There are 2 protein chains.
Amino acid sequence: MADDRTAALDRILELVAVLDTDSRESLARDGLTPARAHLLWVLQHQGPLPQRALAEALRVSARNITGLVDGLVDSGFVTREPHPTDRRATLVSFTEHGAATAARLEREHGEFARVLFADLPEDRFRAFADGLDHVLDRLREHGVSLDAQAER
Amino acid sequence: MADDRTAALDRILELVAVLDTDSRESLARDGLTPARAHLLWVLQHQGPLPQRALAEALRVSARNITGLVDGLVDSGFVTREPHPTDRRATLVSFTEHGAATAARLEREHGEFARVLFADLPEDRFRAFADGLDHVLDRLREHGVSLDAQAER
DNA sequence: TATTGTTATACTCTATAACTATA
DNA sequence: TATAGTTATAGAGTATAACAATA
């Protein structure tokens, strides 16, 4: 019994490894890395942002954002524009290529979700989603969550 | 409906992020990184190995193993010993500290699995494990798996 | 005085290619 | 000739600290 739990955790970790490697390869085909794609994702959902806001959203240092934006500017996904009211800040905005890529990544994300659960009957899907919620709740109870991490 | 699937995928990705950050922090307290801990894990399950075997097990370059072993030697987790029959090779073995740490990490892995599924009734746990298998099968069908990745 | 972003510096993980020692 | 591991080199992600420009 206890061993079943360990086996399930191992399968979760296998899933983590598989998703990580696969998304990495897929992004590489677009000339992106996970960190840079994450930045595009935030821009896609929140619109043009100053680097400071990006640092908070990605929960990384300001220095790191400078590097990520440098890379995305060089590869043509975003531009640095002057902030309309604060001359210290720069607004990071999509180029056409960046906007098109981000939109496509979002579409593919939805398609991937459909493939993942294809042919899984509704009741079994519900049960799985339930278990997922349970696990995330258990982690939150133990102070392990994105919010808890953000507070540090 | 289709949106439920996307929401479930998003929760899987949240779980991935949470587990990644949490394990990273936990390992850091032991003076380890994920890559170095992975190497210790392999050593724990397969015994002393030449670096070449470690490169295959971790699926990284030989050069990378040199760096990881350098770090683990410096921090006192492993030693490089001469290979008994092949003078080109070096055997990577645990120090006492390394062996004790690896054993503790394995214990904590099992404890973590128990916490994760605590209070989840057996039938709901089964349903979750089922869904997990389904998702991994779907990925395998699409050529996305650790084995498929290994073949490249 | 506080904030935004950059420069300087450093560490880890990752890779390929050239090279040494040994098989 | 092939294999084990290292040196050389490079790129990405991450961090802290010092600093410039602006608020």
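Proteins come first, then strands; the chains are lettered A, B, ... in the order of their sequence lines, and each starts at number 1. As the structure is a prediction and not an experimental result, all values here were calculated from the model. Atoms considered below: every heavy atom in the structure, side chains included; atoms not considered: hydrogens, waters and symmetry mates.
With salt bridges taken as basic N to acidic carboxylate O contacts below 4.0 Å, one links Glu122(B) and Arg5(A). Under 4.0 Å is where a charged nitrogen must lie from a carboxylate oxygen, and between Arg140(B) and Glu14(A) at least one such pair does.
Counting only distance, with no hydrogens or angles, the side chain of His134(A) and the backbone of Ala118(B) share a donor-acceptor pair below 3.5 Å. In this structure a side-chain-to-backbone donor-acceptor pair under 3.5 Å is missing from His142(A) to Val144(A).
Between Ala62(A) and Gln51(B), the one whose closest nucleotide on DNA chain D sits nearer the 5' end is Gln51(B).
Distances were taken from every side-chain heavy atom of Thr90(A) (C-beta onward) to each of dT16(C), dG5(C), dG5(D); the shortest belongs to dG5(C). For Arg52(A), taking side-chain heavy atoms from C-beta onward, the closest of the listed nucleotides dT16(C), dT6(D), dT3(C) is dT3(C).
Following chains of ILVMFWY side-chain contacts shorter than 4.5 Å, one can reach Val18(A) starting from Leu132(A), so the two form part of one hydrophobic cluster.
Across the protein-nucleic acid pair, Asp20(B) atom CG and dT12(C) atom P stand 18 Å apart, rounded to whole Å. Rounded to whole Å, the distance from CG on Leu91(B) to P on dA4(D) is 13 Å. Nucleotide dA12(D) holds its C1' atom 15 Å from the CG atom of Leu58(A), rounded to whole Å. Residue His83(B) contributes atom NE2, which lies 8 Å from atom P of dG5(D) at whole-angstrom precision. Distance, Arg24(A) CZ to dA15(C) C1': 13 Å, rounded to whole Å.
Under the rule for a salt bridge (Lys or Arg N to Asp or Glu O under 4.0 Å), the partners of Arg124(A) that lie at least two apart in sequence or sit in another chain are Asp130(B).
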5' to 3', nucleotides 17-23 of chain D under a 4.0 Å protein heavy-atom cut-off (B base, S sugar-phosphate only, - none) gives ----BBS
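Within the structure, a side-chain polar atom (N or O) of Arg36(B) is placed less than 4.0 Å from OP1 or OP2 of dT12(C).
Pro50(A) comes within 4.0 angstrom of sugar-phosphate atoms only, judged by non-hydrogen atoms across all strands, and of no base.
Checked by atom type, the side-chain pair His109(B)/Asp10(A) shows a donor-acceptor distance below 3.5 Å. For the 3.5 Å distance criterion, the side chains of Arg87(A) and His83(A) fail to qualify, holding no donor opposite an acceptor.
At a non-hydrogen distance threshold of 4.0 Å, Thr66(A), Arg80(A) from residues 64-81 of chain A come into contact with DNA chain C.
Aromatic ring centres of Phe77(B) and His97(B) lie closer together than 6.0 Å.
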